[in-house]
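Structure first, commentary second.
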Amino acid sequence: MSKAVLIIYTGGTIGMVQDPTTGSLKPFNFENIASAVPEISEFKFRIDHYTLPEIIDSSDINPDSWRTMCDIIIENYDKYHGFVILHGTDTMAYSASALSFMLQNLTKPIIFTGSQLPIGHIRTDGRENLLAAIQIAGAEENGKPVVSEVCIFFGHRLLRGNRTNKLNAERFDAFQSPNFPALAEVGIHITYNKPLIRHITPTGPITADCRYDNNIVILKLFPGIKNEIIASVLETKGLRGVILESYGSGNAPSNNEFLTIINNAVKRGIVIYNVTQCVGGYVEMGRYATSNSLLNIGVIGGYDITTEAAVCKLMCLAGRYENPDEIKKHLIYNLRGEIS
Ligand code: ASP
């Protein structure tokens, strides 16, 4: 079978056009993209496309959209060398993280990309992003894909998807990977950082475990946050997990009332996952007395995980395991290269 790459179009700015009445950008069809980038036909391999039943602004993405993306990948897995997912930038880091956790035995590239300016715009970044993403999705060495994980390509860099966050709403290099180097840099050449690219030995065919439980919340600490409000969030009916966005290396207030609220939540079986508000660096509970108490209560440290990856990891694990201890056990593991 000849080599081919499948583009899955979900929406986002890359394909948007201006609504003549409101002036706002809204998603448009794939033909709009294809006709603006005729170079697509110059690749030496076949490029097919699949448009999601509803093309959306990525602010409307939800876990069911991730299931749809996984289904399309699995259905087409054997027919394609790699996949490019065109997606809005706003939630791209979440979708790339979610797919990394949901897909099992992945040995092919899944490259998310999009743009800051629509493809029809004279200065669009969409052309470069799309063409490079296709080239990376089709790259092979010794008959094997060069990249075999879920990535984001944006603004000249290929990043591990579950290490990224959207950094800038204006600049073309919209994504960063604060705690893990780029997997490739695109200039005149595409320079892969091969030792860092994740290759697994599959234990079976590609599958997806798309179970999730979104009874979770992100709780970002700030000086002056009221204990009553924290208590009321943690007492939400059905709540199973909390991403606690703490300070620095995982520090939180040391007052008894706060610690009792956290302790009671842990005793009720709520998983508390401690991630840092810092862009770079990692949670090291016990380094300061203010985080030692959290450690003793049974809060789980997220090390250097991004909030986006933490949300997806916790949702997936809560969907797979009833028992909070099982969730905690798996949270600590490095499942897909999301922690160092
Ligand atoms: N609102 C858009 C989206 O995320 C932004 C973008 O694509 O850059 O769908």
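Atoms within each ligand, like the ligands themselves, are counted from 1 in listed order.
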Problem - Parallel, tilted or perpendicular: rings of F112 and H87 (30°, 60°) - result: perpendicular
Completion exercise
among protein heavy atoms, the one nearest atom 6 (C) of ligand 1 is T13 OG1, 2.8 Å
Exercise for the section: Determine, for E308 against K166, whether the closest basic-nitrogen to carboxylate-oxygen distance falls under 4.0 angstrom. Expected result: no
Practice task
Report yes if the side chains of L86 and T113 come closer than 4.5 Å at any heavy-atom pair, otherwise no.
Solution key: yes
Handout entry: Within-cut-off N or O pair, D57 and ligand 1, under 3.5 Å
Key = yes
Exercise for the section: Taking the side chain as every heavy atom from C-beta outward, state whether P63 and M315 have any pair of such atoms under 4.5 Å apart. Expected result: yes
Handout entry: Note, L103 side chain near C70 side chain (heavy atom, < 4.5 Å)
Key = yes
Exercise for the section: Could you list the atoms of ligand 1 found under 4.0 angstrom from a heavy atom of G12? Expected result: 7 (O), 9 (O)
Completion exercise
Note: S115, heavy atoms under 4.0 Å from ligand 1, region reported as backbone
Problem - Lys/Arg N to Asp/Glu carboxylate O, E149 vs R160, below 4.0 Å - result: yes
Handout entry: ligand 1 to K166 polar contact by distance, N or O atoms, under 3.5 Å
Key = no
Handout entry: Taking atom 9 (O) of ligand 1 as the reference point, the nearest protein heavy atom with its distance
Key = S58 N, 2.7 Å
Problem - Residue and atom name of the nearest protein heavy atom (relative to atom 8 (O) of ligand 1), distance in Å to one decimal - result: T89 OG1, 2.4 Å
